[in-house]
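Report on the structure given below.
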Amino acid sequence: MKMTEKYNHKNVEPKWQKAWEQAGIFHAENDSSKPKYYTLIEFPYPSGQGLHVGHPRSYTALDIVSRKRRMQGYNVLYPIGWDAFGLPTENFAIKNHVHPKDVTKKNVARFKSQLQSLGISFDWSREINTTDPSYYKWTQWIFLQLFKKGLAYKKEMAVNWCTSCKCVLANEEVVNGACERCGSEVVRKVKSQWMLKITAYAERLINDLDLVNYPDRVKAQQKNWIGRSTGAEVDFTTTTGDILTVYTTRPDTLFGATYMVISPEHPIIEKLSGVIGNMDEIRKYQEAAARKSDFERTEVAKDKTGVKIEGVEAVNPVNGRQIPVFISDYVLVSYGTGAIMAVPAHDTRDHDFAVKFGLPIIEVVKGGEDVQKEAFTDCATGIMTNSDYLDGLSVDDAKKKIIEKLEESGKGKAKVNYKLRDWVFSRQRYWGEPIPIVHCPCCGAVPIDESELPLELPEVESYEPTDNGESPLAKMTDWVNTKCPKCGGDAKRETDTMPQWAGSSWYFLRYMDPHNDKALASKEALDYWTPVDWYNGGMEHTTLHLLYSRFWHKFLYDIGVVPTPEPYAKRTSHGMILGENGEKMSKSRGNVVNPDDIVNEYGADTMRLFEMFIGDFENAAPWSSSSIRGCRRLAERFYNLMNIMTDDEGIRAELEGPVNKTIKKVGDDIEILKFNTAIAALMSLINDITATGSVTKGELKVFTILMSPFAPHIAEEVWSQAGLGEGFVSIAPWPEYDESKCVESTIEIVVQVNGKVRDKIKVAADIDQEGALSQAKASEKVQSFIEGKNIVKEIYVKGKLVNIVAK
RNA sequence: GCGGGCGUGGUGAAAUUGGCAGACACGCAAGAUUUAGGUUCUUGUGCCGUAAGGUGUGCAGGUUCAAGUCCUGUCGCCCGCACCA
């Protein structure tokens, strides 16, 4: 027997990476008779820090799936690219006086070599980069289509302004009143901004969640974010004869409305300024509210403030009662109509306000405690009262009836509202896709001709954002000054750029046909590959990227570009890898693990095995520098099996059960993301094999195939050194298991007396109840526990246990 | 406040329809071989107890022959949203 050398990952891993690349075995075919399978991971942002150990967790998981699919005979597309526009690169470029393009190039090169050292079976021939003009040409093209359909529009509005990035942020990018990226304060600023009408798709973005296989938590979070609510709009007439429309989800409580509140920005205030008696006071309140940042405005939520509008009252349309109108910043101008009817008896916020301002509280739903003390908000159980024709009805019935009445009288109607806002799409920065629009004094906003795409970023001297909130592009007069595509007159280019989310909203389509210069992808490619079969990514993208890209995809579906209403058939999410101390990895905490060090010390296979073994894939898991050795041991024990290999091509009888069970277990577990238990099963099998002191060639062959998705380099090495088969194990057929071999002929069943385990007996697998019970009762141990007692009941669970209940 | 999730050994974690709690690892202990910087192998390892046995999945109840799993209550932690009418 020839002793193999000690396993050396430093030689083996690069060797096979090169061999795979040369043979092109991971290239997806656009023209294939095989069934297709499209696996996708969120393409990375090539940051200056290099790869994080978190990246490979997701990439390895879908690599395992992709490799298994190839072995099962699928034509697999598992692509990779770079989401490379964005602020960190731009900020680095500014600081170091280099072009963001060069920074990106360098970062991409580093990421690429790091990823390639992990042996992930990406199809590198389809690599894309969002900052490549041949790519962003199509990002701009999609924008133009959105513009043409009226879904991209410019609007003067209060936006989130990051004081440090000097840039507008989408609502989704503001976290607790601070910039998601840099943590600086975000203030409101009125600016003219490009917007995308994602709200037009709100209903479909909710409903079509039924068409896809996403985790419930992802669906719930998206629904929550879109925030659909049903209710009614009700018109209140003011004593000045104006109409004040409110939105309410509780039209049933209309008889309990004792005052109204409008937001400080409500336009009716200006309209009535001549009539309002205390305009000075109102203005003061408006100014104070405007000065507050989002953060303060929500943080100071506990104590309600407001001012009563003197000289104007509103009339409740159902009972003609006159009620006062207040302004208060607890009512948001951006939601509903910016005005509410206040029902303090049945809304805690209204209750707080009413108590503070001494306003009447009228109970209209019976069933609570004293509404003077606390609002009764549980609408499921209550019965209407003090509400004229609604009295005695349930809340649900009352809602229906009042809406009917309002619609009859023309004073209101049923209405659905969403929390989702339109997407603020402008950024006042350099390193993004230029928005392909020209502003003409005569024609307004005019799209540039599609033949002019891509509209490339001009070279600029300085990327510094300007203090007045304009993009650095605004200083490029040569570029900015142009002719109107419509009338030919002097005009100026739009100088804002698109947000980082633009390029990632459709990138999965480009992978299908990445070099196409006639279309974002050919129709044939789109028809063949769409939808993505399995998309894995982080939970943090649920309300940003995932929602945005679903929106774009639905739009592309509507204009006939893509063949499916949803981009991703199945979505899964990985948990974070934490530092060894259980905290999030960060430089400041000093708990960062560099993947390069791990690959260098233990090898990519060990790194892959460990990241999959570390815990439940969907939950966060702390890194452990000692546990990783267990995975290295598995790799070495696997390699050393070659030392005890016999020429027998078969599988020995005593290992048929374990081998077949492991094939089943590993295969099944990969499908449900249980990589940790799949690896545990492989460990068990190698324990069983080594316990016999030898391994047959046939056994090693199966074991090597099962190992190869997890530890592909070492599997390839064993495959070749031991002469287990032709070609690459990476594309060898996935083994079938024999169900009949998975069941043992004799099994051990547990014998309980009164629910406590007293003995275990070996019986034939097909034993019947009588046989099992009589054998159980024959056990000495069992007898000692039932002696002198009456057997009241006997339970037999087939193949599992016997329970004897004795008193 | 709303939505989602979690709580199991010294550690990471396993556990179809309720059916042997702790698979598989890490760590630790003892032993063997042996390399003398971390190797490999064997055995043991939830807790109490020499043992028989008892006990044990955040806590308190309940259903059941049988509960980590189902039900009720409660405590603690994490994530997302949040004055959304």
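Protein chains get the first letters and strands the later ones, always in sequence-line order, with residue 1 at the start of each.
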Reference residue N536(A); test side chain to side chain donor-acceptor pair (under 3.5 Å); the match among R571(A), E42(A), H574(A), R57(A): H574(A)
Just checking R629(A): base, sugar-phosphate only, or nothing, at a heavy-atom cut-off of under 4.0 Å? base
At 4.0 Å (heavy atoms only), tell me whether Q752(A) reaches a base, stays on the sugar-phosphate, or touches nothing. base
Select base, sugar-phosphate, or nothing to describe what S229(A) touches, counting heavy atoms under 4.0 Å on all strands. sugar-phosphate
Checking A15(B), G38(B), G54(B) against the side chain of K674(A) (C-beta onward), the nearest is A15(B)
Begin with the C-alpha distance, continue with both residues' side-chain angles, and end with the deciding distance and a verdict on side-chain hydrogen bond (donor to acceptor under 3.5 Å, both in side chains) for N8(A) and Y639(A). CA-CA 10 Å; N8(A) 183 344; Y639(A) 189 79; over 6 Å; no
Need one value for V805(A): base, sugar-phosphate or nothing, where a base atom within 4.0 Å counts as base even if backbone is also close, heavy atoms only. sugar-phosphate
Please give, in whole Å, the distance from A82(B) P to I226(A) CD1? 14 Å
Tell me which nucleotide among U17(B), C20(B), G38(B) gets nearest to the side chain of V750(A). C20(B)
Residue pair Y418(A)/I614(A) against RNA chain B: nearer the 5' end by closest nucleotide is I614(A)
Need to verify one output field. Residue with the more 5' nearest nucleotide on RNA chain B, V757(A) or A220(A)? A220(A)
The side chain of F613(A) is closest to which nucleotide in this list: A85(B), C20(B), C24(B)? C24(B)
Out of A85(B), G80(B), C65(B), minimum distance to the side chain of T249(A) belongs to A85(B)
Which of these passes side chain to side chain donor-acceptor pair (under 3.5 Å) with Y330(A): D352(A), D350(A), T305(A)? D350(A)
Syn or anti conformation of G9(B), syn meaning chi within 90° of 0: syn
Minimum heavy-atom separation for Q286(A) to P264(A), with atom names? NE2-O, 2.8 Å
Please work out if N687(A) contacts a base, only the sugar-phosphate, or nothing of the nucleic acid, heavy-atom cut-off 4.0 Å. sugar-phosphate
From the list G38(B), G27(B), G80(B), which nucleotide is the closest neighbour of the side chain of N224(A)? G80(B)
So what does D616(A) hit on the nucleic acid, given a heavy-atom distance under 4.0 Å: a base, only sugar-phosphate, or nothing? sugar-phosphate
Between K756(A) (NZ) and A21(B) (P), how many Å, whole number? 11 Å
Over all strands shown, is R637(A) touching base, sugar-phosphate only, or nothing at heavy-atom distances under 4.0 angstrom? sugar-phosphate
By the 4.0 Å heavy-atom rule, please label R632(A) as base, sugar-phosphate, or nothing. nothing
Parallel, tilted or perpendicular, judged at 30° and 60°: which one describes the rings of F357(A) and F353(A)? parallel
Compare the minimum distances between each of C81(B), U17(B), C26(B) and the side chain of K800(A), then state the nucleotide with the smallest one. U17(B)
Checking G19(B), G4(B), C83(B) against the side chain of I795(A) (C-beta onward), the nearest is G19(B)
Out of G54(B), A23(B), U40(B), which nucleotide sits closest to the side chain of E636(A)? U40(B)
Would you indicate what N676(A) reaches in the nucleic acid, counting non-hydrogen atoms under 4.0 angstrom: base, sugar-phosphate, or nothing? sugar-phosphate
Assign F617(A) to base, sugar-phosphate, or nothing according to its heavy-atom contacts below 4.0 angstrom with the strands shown. nothing
Go ahead and name the base partner of C2(B); Watson-Crick or wobble counts if both distances stay under 3.5 Å, otherwise write none. G80(B)
Just to be sure I understand the rule, does K223(A) reach a base, reach only the sugar-phosphate, or reach nothing, if contact means heavy atoms closer than 4.0 Å? nothing
